[in-house]
Amino acid sequence: MIKAFLALARLLDRLTLWLCMAAGGTLVGMVLINVVLRYGFGSGSIKMQDLASYAFAVFLILAVPLCHARGGHVRVEVLAERMPARYLPTADAVAWAFFLTPIFGLIIWAGWGDIAFSWQIGEGSTTPGGLGGMYLVKTALPLAAALMIIQGLANLLRKETLA
């Protein structure tokens with residue numbers, strides 16, 4: 001059961017990486033195209049600007065679980081270097097159980113109504129003539145929160161299976 005969960009976490013991590021790379025590439029491409037159109041040809045596109053904004057939002061939101069899955073989070077531990085070796089895994093387990101899971105669970109729970117309403121009305125850009133599909137971008141936040149919970153548990157399980 002644990003191996004299946006860890007395999008699922010690795011699959012979700014790869015999918016998240018692919019989505020981040022796609023969003024990052026889209027962001028770079030749209031900014032480049034917008035700059036060339038604006039300063040080279042004196043024109044532009046609101047939809048392309050919206051696409052760059054959407055790509056930036058998705059990239060930024062999904063980069064959080066991606067970073068966490070790779071252990072790239074910032075740890076401010078004054079006591080860790082003076083504690084026994086078992087302290088850090090225990091501190092991670094406590095942090096996951098009492099901070100990470102409740103906070104990201106709250107993000108999912110509190111945002112659910114707004115996301116559902118956004119999907120119901122097919123929410124688009126707030127810019128006149130902008131791009132539709134804002135509901136897809138808004139969905140990235142609870143998705144990233146769920147991925148954080150999954151990756152946190154996967155990190156704990158990996159440490160327990162290695163110990």
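Side-chain atoms of S45 come within 3.5 Å of backbone N or O of M48 as a donor-acceptor pair. Side chain of Y135 to backbone of F117: no donor-acceptor contact under 3.5 angstrom is found. Of the possible donor and acceptor atoms, one in the side chain of T90 sits under 3.5 Å from a partner among the backbone N and O of R86.
From L157, atom CG reaches atom CH2 of W96 across 8.0 Å, with rounding to the nearest 0.5 Å. M30 CE to L32 CG: the interatomic distance, rounded to the nearest 0.5 Å, is 9.0 Å. Here the CG atom belonging to L131 is positioned 9.5 Å from the CG atom belonging to L136, to the nearest 0.5 angstrom. Taken from CG in L17 to CZ in R10, the straight-line distance is 15.0 Å, to the nearest 0.5 Å.
Summarising the geometry of V58 relative to A140, their closest heavy-atom pair is CG2-CB, 4.3 Å, with the distance given to 0.1 Å. Across S125 and D50, no two heavy atoms sit closer than the pair OG-OD2, 2.6 Å. Shortest non-hydrogen contact noted between A57 and V137 is CB-CG1, 3.8 Å. The minimum heavy-atom distance between L6 and A154, with the atom names listed, is CD2-O, 3.5 Å. V31 and A52 make their closest contact through CG2-CB, 4.3 Å (heavy atoms, listed as atom of the first residue, atom of the second, distance). Heavy-atom minimum distance, G44 versus L37: CA-CB, 4.4 Å.
The side chain to side chain donor-acceptor pair (under 3.5 Å) contacts involving residues 12-28 comprise D13-R70, where partners must be two or more places apart or lie in separate chains. Applying the side chain to side chain donor-acceptor pair (under 3.5 Å) definition to pairs two or more places apart or across chains, those involving residues 102-123 are S118-E123, W119-T139, E123-K138.
Counting non-hydrogen atoms of other residues, nucleotides and ligands closer than 6.0 Å to CZ of F59 gives a total of 12 or fewer.
Linking Ile, Leu, Val, Met, Phe, Trp and Tyr whenever their side-chain heavy atoms come within less than 4.5 Å puts I61 and L12 in one cluster. Both I33 and F41 are members of a single hydrophobic cluster when ILVMFWY side chains are connected at heavy-atom separations under 4.5 Å. In the hydrophobic cluster analysis, where Ile, Leu, Val, Met, Phe, Trp and Tyr join through side-chain heavy atoms closer than 4.5 angstrom, I103 is grouped apart from L106. Clustering ILVMFWY residues whenever any of their side-chain heavy atoms sit less than 4.5 angstrom apart, transitively, puts L153 in the very cluster that holds I108. A continuous path of ILVMFWY side-chain contacts below 4.5 Å connects L100 to L62, so both sit in one hydrophobic cluster.
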Report all side-chain donor-acceptor pairs from residues 141-151 shorter than 3.5 Å, counting only partners two or more places apart or in another chain.
| from | atom 1 | to | atom 2 | distance (Å) |
| --- | --- | --- | --- | --- |
| Q151 | NE2 | A9 | O | 3.1 |

